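Have a look at the structure below, then the notes.
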There are 2 protein chains.
Amino acid sequence: MNIGDAAKQSGLPAKTIRYYEDISLVVPARGENGYRVYGPDDVHKLRFVQRARGLGFSVEDCRALLSLYEDENRASADVKAIAQERLAEIADKIAELKAFQKTLKHLVDHCHGDQRPNCPIIDGLAGPDH
Amino acid sequence: MNIGDAAKQSGLPAKTIRYYEDISLVVPARGENGYRVYGPDDVHKLRFVQRARGLGFSVEDCRALLSLYEDENRASADVKAIAQERLAEIADKIAELKAFQKTLKHLVDHCHGDQRPNCPIIDGLAGPDH
DNA sequence: CTTGACCTTCCAGCGACTGGAACCCTTATG
DNA sequence: CATAAGGGTTCCAGTCGCTGGAAGGTCAAG
């Protein structure tokens, strides 16, 4: 199948699929005419990557996960380790965002939001000693 | 003051400060020798940007906030609007991450994490029909 | 034969820096 | 006075994960 169909089947834009070949993530065969030819296995891999990216795994994580996906003798512990690392990153990011949220919400709540210049948000950003 | 001191005072790396000049965010004067010269106002602005970036505002948001910071006749409503947009983005991002977290945690909880190849995480990423 | 949809390659750009090379300026010390 | 250290300057390239666009090749239908 050509790249357009692979795109439909995998849910990835053709551009992205070409990019994945560029970085040797999913490398298809080539037809006589130079067109990329995707077999069922390639499409499975693309879908796999699509889902993993959708869960926020980095492309490098996807590369590692793909090679485990393909490895009949993988240890599930290796997969779990990657996923747990990602979970930790997610938790960190959520904590960071919640801290932003708290600070910002506090500032917003104290701002009148009218036509006057006085603004606790600006004051907060300018710093404690202003 | 030179860029190194401005860096210390603002908490920003010198490279970043040069970059901010490049994009016309905070543009210092120049001395005879071609060195950047930062006055107190410049340092205030740099610190302002440092804090705003620290709360996750984009550089373009910072540009808008800076111009309001400098505008004696600003309406606090304008500041509040920017902050509220950012709050909405933060909330969206948190929701997205929590969704990732939920799915991933579910998969991780069901994975033995041993030396055997069977792995619900891989299966989950491969898709429902595999 | 032409149209249009597909495919190809390559180059550039996003955001927000960051690293490095190659070079200039200033200050302290032998 | 020479020199070395520790500033400063510019410009170019790379990060990550695509995405857009230009210029052209291929293919199936009318």
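Order of the sequence lines fixes the chain letters, A, B, ..., with proteins taken first and strands second; residue numbering starts at 1 for each chain. Note that this is a predicted model, so its numbers are computed, not measured.
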**Asked** Would a distance-only check, ignoring hydrogens and angles, find a side-chain to backbone donor-acceptor pair under 3.5 Å from Thr16(A) to Leu12(A)?
**Response** no
**Asked** Can you tell me how far the CG atom of Leu68(A) sits from the CD1 atom of Ile121(B), to the nearest 0.5 Å?
**Response** 10.0 Å
Please state how far atom [atom1] in [X] lies from atom [atom2] in [N], giving the value in whole angstrom units.
X: Asp22(A); N: dT9(C); atom1: CG; atom2: P; value: 9 Å
X: Leu12(B); N: dC17(C); atom1: CG; atom2: P; value: 8 Å
X: Glu89(B); N: dG15(C); atom1: CD; atom2: P; value: 13 Å
X: Leu25(B); N: dA16(C); atom1: CG; atom2: P; value: 10 Å
X: Gln50(A); N: dC18(D); atom1: CD; atom2: P; value: 10 Å
X: Asn2(B); N: dC25(C); atom1: CG; atom2: P; value: 14 Å
X: Arg63(A); N: dG17(D); atom1: CZ; atom2: P; value: 10 Å
X: Ile23(B); N: dT18(C); atom1: CD1; atom2: C1'; value: 14 Å

If you look at every strand shown and take non-hydrogen atoms under 4.0 Å, does [X] touch a base, only sugar-phosphate, or nothing?
X: Arg36(A); result: sugar-phosphate
X: Arg18(A); result: base
X: Ile3(B); result: sugar-phosphate

With the side chain of [X] defined as its heavy atoms from C-beta on, choose the nearest nucleotide among [options].
X: Tyr35(B); options: dG17(D), dT9(D), dC7(C); result: dT9(D)
X: Arg30(A); options: dA16(C), dT19(D), dT8(C); result: dT8(C)
X: Tyr20(B); options: dC17(C), dT19(D), dG8(D); result: dC17(C)
X: Lys15(B); options: dC10(C), dG17(D), dG19(C); result: dG19(C)

**Request:** Might you work through the salt bridge (charged side-chain N to carboxylate O under 4.0 Å, His left out) test for Asp22(B) and Arg18(B), ending with a clear yes or no?
**Result:** CA-CA 6 Å; Asp22(B) 236 47; Arg18(B) 278 189 208 105; over 6 Å; no
**Asked** How do Thr16(A) and Glu21(B) order along DNA chain D: which one's closest nucleotide is nearer the 5' end?
**Response** Glu21(B)
**Message:** Under a 4.0 Å threshold between the charged nitrogen and the carboxylate oxygen, would Lys45(A) count as salt-bridged to Asp41(A)?
**Reply:** no
**Prompt:** Are Arg30(B) and Glu21(B) close enough for a salt bridge, meaning some N to O gap below 4.0 Å?
**Reply:** yes
**Request:** Give a yes/no answer on whether the side chain of Asn33(A) brings an N or O atom under 4.0 Å of OP1 or OP2 in dT8(C).
**Result:** no
